[in-house]
Trainee: 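Before I ask anything, here is the structure I am working with.
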Amino acid sequence: MRPQTADLRNGSTVTEFILVGFEHSSPSTRALLFTLFLALYSLAMAMNGLIILITWTDPRLNSPMYFFLGHLSFLDICFITTTIPQMLVHLVTKNHTVSFVSCMTQMYLVFLVGVAECILLAFMAYDRYVAICHPLNYAQIMSHKVCVRLVVTSWVFGMVNGIFLEYMSFRNPFCKGNHIENFFCEAPIVIALSCGDLKFSMKLIFVDAIVVLLSPMVLIVTSYARILASILHRASSSSGRGKTFSTCASHLTVVVFLYTSAMFSYMNPRSTHGPDKDKPFSLLYTIIMPMCNPVIYSFRNKEMKGAMGRAFGRGRLA
């Protein structure tokens, strides 16, 4: 297919992009990847959908923690739906083109939901810190009104940040081809195809990534460090300490994988990138993490297991 690129002399612009993705893989490999990613996508949708249903319908799960978990699952569903269905279609068809507007829309949604999830994970860590280190004041500090404001803040921050990143990605005309070496429109790769001062755009995105990724990560690590310090100073049983350590370690594992993959994509110079390096990290934070979040944050929880048992029990009775 002949690429439609920009020509600065006559003012024409790119009208579509070509997502290379797994185009160069053999038919058997693409069929295997389609089956694998479809299974992972279906599993992630089912698990996150179940959490949303339970946390929003079971009156016993009325605490801020489950309020945040329900919204985290909703963000995960939005996140994987912006990228994976398109990739599945491209794995079984020969037409890998996306319109300019579709690419812009997809990129904005990835920015919006991804940033909102980073902020929400920080608020969830703070919620656990207050619950464990300040239990007497927990109900007052983390009231329902405060929880709603925190969730709204994460969404608003994602929307505003998405507008900024969208502008930085598409403010210059494109003159270096229209082939995107990934399975979705990712900002650093798209910017590399544009003309103008690319260093300025990448520097601003780097600064934005520091604010969006490192700031919440510092809050998360600080919250869990204080939780662990508080548990160590209490006269609690070894089993209670072990459970807390296990919970904190699993939560931090999710955070480290998510933030590390996002940092590689948005905070590294483009010279260190390549298709073989970008796609694994992109897959990690677009499909693997939304599938792991329910397991790490919810399905290992006794109250959540009880709520699922009650939900399935009502279903059998019905």
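Everything quoted here is computed from the prediction, not taken from an experiment. Values below: all heavy atoms of this structure, side chains included; hydrogens, waters and symmetry mates excluded.
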Trainee: Phe170 and Phe100: aromatic ring centres closer than 6.0 Å?
Mentor: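 Judged by ring-centre distance (under 6.0 Å), Phe170 and Phe100 do meet the cut-off.
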
Trainee: Please check this pair: side chain of Thr57 against backbone of Leu53, looking for a donor-acceptor N/O pair closer than 3.5 Å.
Mentor: yes

Trainee: Please find the pair of heavy atoms, one from Ile191 and one from Ser169, that lie closest to each other, and give the distance.
Mentor: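 Distance-wise, the nearest heavy atoms are CG1-CA, 3.7 Å.
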
Trainee: Rounded to the nearest 0.5 Å, what separation is found between the CG atom of Leu219 and the OH atom of Tyr129?
Mentor: 10.5 Å

Trainee: If you measure from CE on Met168 to CG on Asp208, what distance do you get to the nearest 0.5 Å?
Mentor: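 Spacing of CE (Met168) from CG (Asp208) equals 9.5 Å.
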
Trainee: Donor-acceptor pair, Thr35 side chain versus Ala31 backbone, under 3.5 Å?
Mentor: yes

Trainee: Considering only heavy atoms from C-beta outward, does the side chain of Phe183 approach that of Leu33 to under 4.5 Å?
Mentor: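 The answer is no; the side chains never approach within 4.5 Å.
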
Trainee: Please answer whether the main-chain N or O of Phe79 pairs with a side-chain N or O of Thr82 as donor and acceptor at a distance below 3.5 Å.
Mentor: yes

Trainee: Just to verify, what does Cys118 make a disulfide (SG to SG under 2.5 Å) with, not counting sequence neighbours?
Mentor: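 Testing Cys118 for disulfide (SG to SG under 2.5 Å), a comparison that skips the adjacent residues, returns none.
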
Trainee: Around atom CZ of Phe164, are there more than 12 heavy atoms of other residues, nucleotides or ligands at under 6.0 Å?
Mentor: yes

Trainee: Would you indicate whether the side-chain heavy atoms of His90 and Phe22 approach each other to under 4.5 Å?
Mentor: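 Side-chain contact under 4.5 Å: no.
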
Trainee: Same hydrophobic cluster for Val146 and Tyr66, using side-chain heavy-atom links shorter than 4.5 Å among ILVMFWY?
Mentor: yes

Trainee: Can you tell me how far apart CZ (Phe37) and CG (Leu91) are? Round to the nearest 0.5 Å.
Mentor: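 It is 7.0 Å, given to the nearest 0.5 Å.
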
Trainee: Taking side chain as C-beta onward, heavy atoms only, is Val92 less than 4.5 Å from Arg30?
Mentor: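 Val92 does not reach Arg30 side chain to side chain.
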
Trainee: Indicate yes or no: at least one non-hydrogen side-chain atom of Met124 is less than 4.5 angstrom from one of Met65.
Mentor: no

Trainee: Can you tell if the side chain of Tyr108 reaches within under 4.5 Å of the side chain of Ile163, non-hydrogen atoms only?
Mentor: yes

Trainee: May I ask whether Val207 and Val212 are part of the same hydrophobic cluster, defined by side-chain heavy atoms of I, L, V, M, F, W, Y residues being less than 4.5 angstrom apart, directly or through others?
Mentor: no

Trainee: How far apart are the closest heavy atoms of Pro64 and Asp127, and which atoms are they?
Mentor: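 Taking Pro64 first and Asp127 second, the nearest heavy atoms are CB-OD1, 3.6 Å.
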
Trainee: Would Phe111 end up clustered with Trp155 when hydrophobic side chains under 4.5 Å apart are linked, directly or stepwise?
Mentor: yes

Trainee: Check whether any side-chain heavy atom of Val98 sits under 4.5 Å from a side-chain heavy atom of Leu19, and report yes or no.
Mentor: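 In short, these two side chains touch, coming nearer than 4.5 Å.
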
Trainee: Taking all non-hydrogen atoms of both residues into account, name the closest pair between Met107 and Glu186 and its distance.
Mentor: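 Taking every non-hydrogen atom into account, CE-C, 4.1 Å.
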
Trainee: Hey, what do you get for OG (Ser154) to CD1 (Ile119), rounding to the nearest 0.5 Å?
Mentor: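 Answer rounded to 0.5 Å: 7.5 Å.
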
Trainee: What heavy-atom pair brings Ile80 and Pro85 nearest, and what distance separates the two atoms?
Mentor: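 Scanning both residues completely, I find the closest heavy atoms to be O-CD, 3.4 Å.
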
Trainee: Between Asn48 and Ala44, is there a donor-acceptor pair closer than 3.5 Å when you use the side chain of the first and the backbone of the second?
Mentor: yes

Trainee: Take Phe184 and Gln106 through the test side chain to side chain contact (heavy atoms under 4.5 Å, CB included) and record every step on the way to the result.
Mentor: CA-CA 8 Å; Phe184 73 102; Gln106 182 186 55; 3.5 Å; yes

Trainee: Would you say the side chain of Asn137 lies within less than 4.5 Å of the side chain of Val130, judging by non-hydrogen atoms?
Mentor: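 In short, these two side chains do not touch, never coming nearer than 4.5 Å.
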
Trainee: Under the rule for side chain to side chain donor-acceptor pair (under 3.5 Å), what residues qualify as partners of Ser42, not counting sequence neighbours?
Mentor: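 Checked Ser42 against side chain to side chain donor-acceptor pair (under 3.5 Å); zero matches.
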
Trainee: Of all the heavy-atom pairs spanning Ser223 and Ala125, show the shortest one and how long it is.
Mentor: CB-O, 3.6 Å

Trainee: Assess the residue pair Thr93 and Asn95 against the criterion (side-chain hydrogen bond (donor to acceptor under 3.5 Å, both in side chains)); give the C-alpha distance rounded to whole Å, side-chain angles, the decisive distance to 0.1 Å, and a yes or no.
Mentor: CA-CA 6 Å; Thr93 62; Asn95 184 11; over 6 Å; no

Trainee: Do Met142 and Leu150 pass the side chain to side chain contact (heavy atoms under 4.5 Å, CB included) test, and can you show the C-alpha distance, the side-chain angles, and the key distance before you say yes or no?
Mentor: CA-CA 10 Å; Met142 300 299 296; Leu150 292 177; 3.9 Å; yes

Trainee: What about the rings of Tyr138 and His134, do their centers lie closer together than 6.0 Å?
Mentor: no

Trainee: Could you state whether Val101 and Ile180 fall into the same hydrophobic cluster, counting links through intermediate Ile, Leu, Val, Met, Phe, Trp or Tyr residues with side-chain heavy atoms under 4.5 angstrom apart?
Mentor: no

Trainee: Would you indicate whether the side-chain heavy atoms of Phe123 and Val151 approach each other to under 4.5 Å?
Mentor: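 In short, these two side chains do not touch, never coming nearer than 4.5 Å.
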
Trainee: Is the gap between the ring centers of His144 and Phe67 under 6.0 Å?
Mentor: yes

Trainee: Is the backbone N or O of Ser194 less than 3.5 Å from a side-chain atom of Asn172, with the two atoms forming a donor-acceptor pair by type?
Mentor: no

Trainee: Counting only heavy atoms from other residues, nucleotides and ligands, does the tally under 6.0 Å from CZ of Arg171 exceed 12?
Mentor: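 Count over threshold, so yes.
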
Trainee: Indicate if Ile288 and Val113 have the same hydrophobic cluster label, given that clusters are the connected sets of ILVMFWY residues with side-chain heavy-atom separations under 4.5 angstrom.
Mentor: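 Yes, one cluster joins them.
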
Trainee: Nearest 0.5 Å please: distance from the CE atom of Met45 over to the CD1 atom of Ile52.
Mentor: 8.5 Å

Trainee: As a quick check of understanding, evaluate side chain to side chain contact (heavy atoms under 4.5 Å, CB included) for Ile210 and Ser215, giving each step before the final call.
Mentor: CA-CA 7 Å; Ile210 291 177; Ser215 300; 5.6 Å; no

Trainee: Given the rule in the side chain to side chain contact (heavy atoms under 4.5 Å, CB included) test, do Thr81 and Tyr41 qualify, once you have shown the distances and angles that lead to the verdict?
Mentor: CA-CA 9 Å; Thr81 303; Tyr41 176 71; 3.5 Å; yes

Trainee: Measure the SG-NE2 distance between Cys78 and His71 for me, rounded to the nearest 0.5 Å.
Mentor: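 The NE2 atom of His71 is 11.5 Å from SG of Cys78, to the nearest 0.5 Å.
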
Trainee: Side-chain donor-acceptor pair under 3.5 Å between Thr105 and Ser102, yes or no?
Mentor: no

